[in-house]
2 protein chains.
Amino acid sequence: MHIHLNHHSGEPIYRQIIEAVKFRIASGELSEGTRLPSIRELAGELQINMRTVAKAYQVLDRSGLVVMQQGRGVFVTSPQAVLPVRQRRAALLEHARRLLAEATRMGASSDEVIEIMKSATEEMWGRADG
Amino acid sequence: MHIHLNHHSGEPIYRQIIEAVKFRIASGELSEGTRLPSIRELAGELQINMRTVAKAYQVLDRSGLVVMQQGRGVFVTSPQAVLPVRQRRAALLEHARRLLAEATRMGASSDEVIEIMKSATEEMWGRADG
DNA sequence: CAACTGTTGCATCTGATATACAACAGTTAA
DNA sequence: TTAACTGTTGTATATCAGATGCAACAGTTG
């Protein structure tokens with residue numbers, strides 16, 4: 001899986017795994033039905049405890065992004081049902097505010113922030129997609 | 001200061017204070033030279049321990065957003081020196097990626113994400129500013 | 001059955017978070 | 001100088017999240 005862990009960032013390992021998997025699913029690198037590395041496998045590769053990987057997978061399972069099946073493995077689920085626009089807005093605005101506070105502190109202009117978002121979008125989905 | 005704390009979010013109290021102050025500084029609600037409520041004052045208002053507020057202020061102090069002066073109080077500093085564009089980009093892209101992964105999971109389009117960012121920008125700085 | 005899956009119980013260790021009481025030290029204005 | 005405010009620090013206590021180790025259990029597949 002090639003997940004790069006930072007043990008000194010303060011960000012819990014299991015959350016770093018969650019973020020990495022989320023990103024790969026969002027970008028399409030992991031698509032519906034794909035099997036994730038087994039708990040033991042990933043734990044071995046990342047040199048961490050089995051239960052830490054299990055914890056990450058369980059959070060993803062409860063979020064509905066994957067399903068864990070005893071004896072079979074962990075699989076990426078089908079795309080989520082689309083939430084109402086209003087709910088999405090409220091949730092994403094919270095993220096946006098934090099990003100803006102950070103951007104301001106660094107002296108970025110609003111145009112620059114928008115430009116960076118567009119870059120990130122293209123990086124994830126490509127220029128053609130939306 | 002009217003900071004709304006959520007004791008059940010898992011987000012540490014001191015971090016919630018940091019975020020709230022950051023946001024107010026970014027939006028201009030707290031400008032250069034403004035004195036923040038004293039440690040004891042804010043602790044009393046929020047019904048929390050003095051040292052929890054102190055911890056939040058110390059992080060802001062080390063970030064350079066405020067200066068703590070024994071016997072005087074805590075003051076908002078002058079705007080930070082502007083970082084090179086490349087450094088800003090790298091830091092903000094990380095935030096952007098997370099936002100996009102979240103947006104994707106919720107079924108938002110790239111246009112929608114950009115639109116939300118513009119809204120958040122206007123909310124913080126108003127339509128005229130950048 | 002063998003070899004793989006996820007799951008669980010038990011125990012342990014560490015560090016972050018938050019609290020309480022108390023005292024110390026610097027600043028300001030009456 | 002004193003009173004009343006600032007931030008700072010020492011000690012201690014309690015709780016919880018994170019991560020680990022060992023071991024066993026349970027479901028799936030070929």
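Letters A, B, ... mirror the listed sequences (proteins, then strands); counts begin at 1.
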| query | Do A/Arg105 and B/Ser63 pass the side chain to side chain contact (heavy atoms under 4.5 Å, CB included) test, and can you show the C-alpha distance, the side-chain angles, and the key distance before you say yes or no? | reply | CA-CA 10 Å; A/Arg105 191 177 62 170; B/Ser63 305; 3.8 Å; yes
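- Going from atom CD of B/Gln69 over to atom C1' of D/dC5 covers 15 Å, rounded to whole Å.
- We find the OG1-CD1 distance between A/Thr52 and A/Ile17 to be 7.0 Å, quoted to the nearest 0.5 Å.
- With rounding to the nearest 0.5 Å, the separation of CG in B/Asp61 from CD in B/Gln69 is 9.5 Å.
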| task | Output, in order, the C-alpha distance, side-chain angles, deciding distance and verdict of side chain to side chain contact (heavy atoms under 4.5 Å, CB included) for B/Phe23 and B/Met124. | result | CA-CA 9 Å; B/Phe23 184 80; B/Met124 182 173 281; 3.2 Å; yes
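- Within a 6.0 Å radius of NE2 in A/His7, more than 12 heavy atoms belonging to other residues, nucleotides or ligands are found.
- Residues that satisfy the salt bridge (Lys or Arg N to Asp or Glu O under 4.0 Å) test with A/Arg97, not counting sequence neighbours, are A/Glu94, B/Glu123.
- Salt bridge status for B/Glu112 with A/Arg89: absent, with no side-chain N to carboxylate O gap under 4.0 Å.
- Rounded to an integer number of Å, the gap from CD of B/Gln70 to P of D/dC5 is 17 Å.
- Nearest approach of B/Val76 to B/Ser31, heavy atoms of both residues: CB-O, 3.4 Å.
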| Nucleotide-resolved protein contact map, nucleotides 12-24 of chain D, B/S/- at heavy-atom distance under 4.0 Å | ------SSBBB-B
| task | Please assess A/Met117 against B/Leu92 for the test side chain to side chain contact (heavy atoms under 4.5 Å, CB included), listing each intermediate value before the final yes or no. | result | CA-CA 9 Å; A/Met117 283 304 302; B/Leu92 294 178; over 6 Å; no
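- Salt-bridge formation is not detected for the pair B/Lys118/B/Glu115: no Lys NZ or Arg NE/NH1/NH2 atom is positioned less than 4.0 Å from an Asp or Glu carboxylate oxygen.
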Contact list (N/O, under 3.5 angstrom) for nucleotides 12-14 of chain C vs protein:
none

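- Counting only residues at least two apart or on different chains, no salt bridge (Lys or Arg N to Asp or Glu O under 4.0 Å) pair has a member in residues 42-53 of chain A.
- Taking atom CG on A/Leu42 and atom C1' on C/dC4, their separation rounds to 16 Å, with Å as the unit.
- With hydrophobic clusters built from ILVMFWY side chains whose heavy atoms lie under 4.5 angstrom apart, A/Val67 does not share a cluster with A/Leu36.
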Set out, line by line, the N/O atom pairs under 3.5 Å between protein and nucleotides 28-30 of chain C.
| from | atom 1 | to | atom 2 | distance (Å) |
| --- | --- | --- | --- | --- |
| C/dT28 | OP1 | B/Arg72 | NH1 | 3.0 |

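- The neighbour count for A/Arg15 CZ, taken as heavy atoms of other residues, nucleotides or ligands under 6.0 Å away, does not exceed 12.
- Taking atom CD1 on B/Ile39 and atom P on D/dT9, their separation rounds to 10 Å, with Å as the unit.
- In this structure, the NE2 atom of A/His8 is 13 Å from the P atom of C/dA16, given to the nearest Å.
- One end of the helix from C/dC1-D/dG30 to C/dA30-D/dT1 points its axis 30° away from the other end's axis, with each axis taken from 5 pairs and the angle rounded to 10°.
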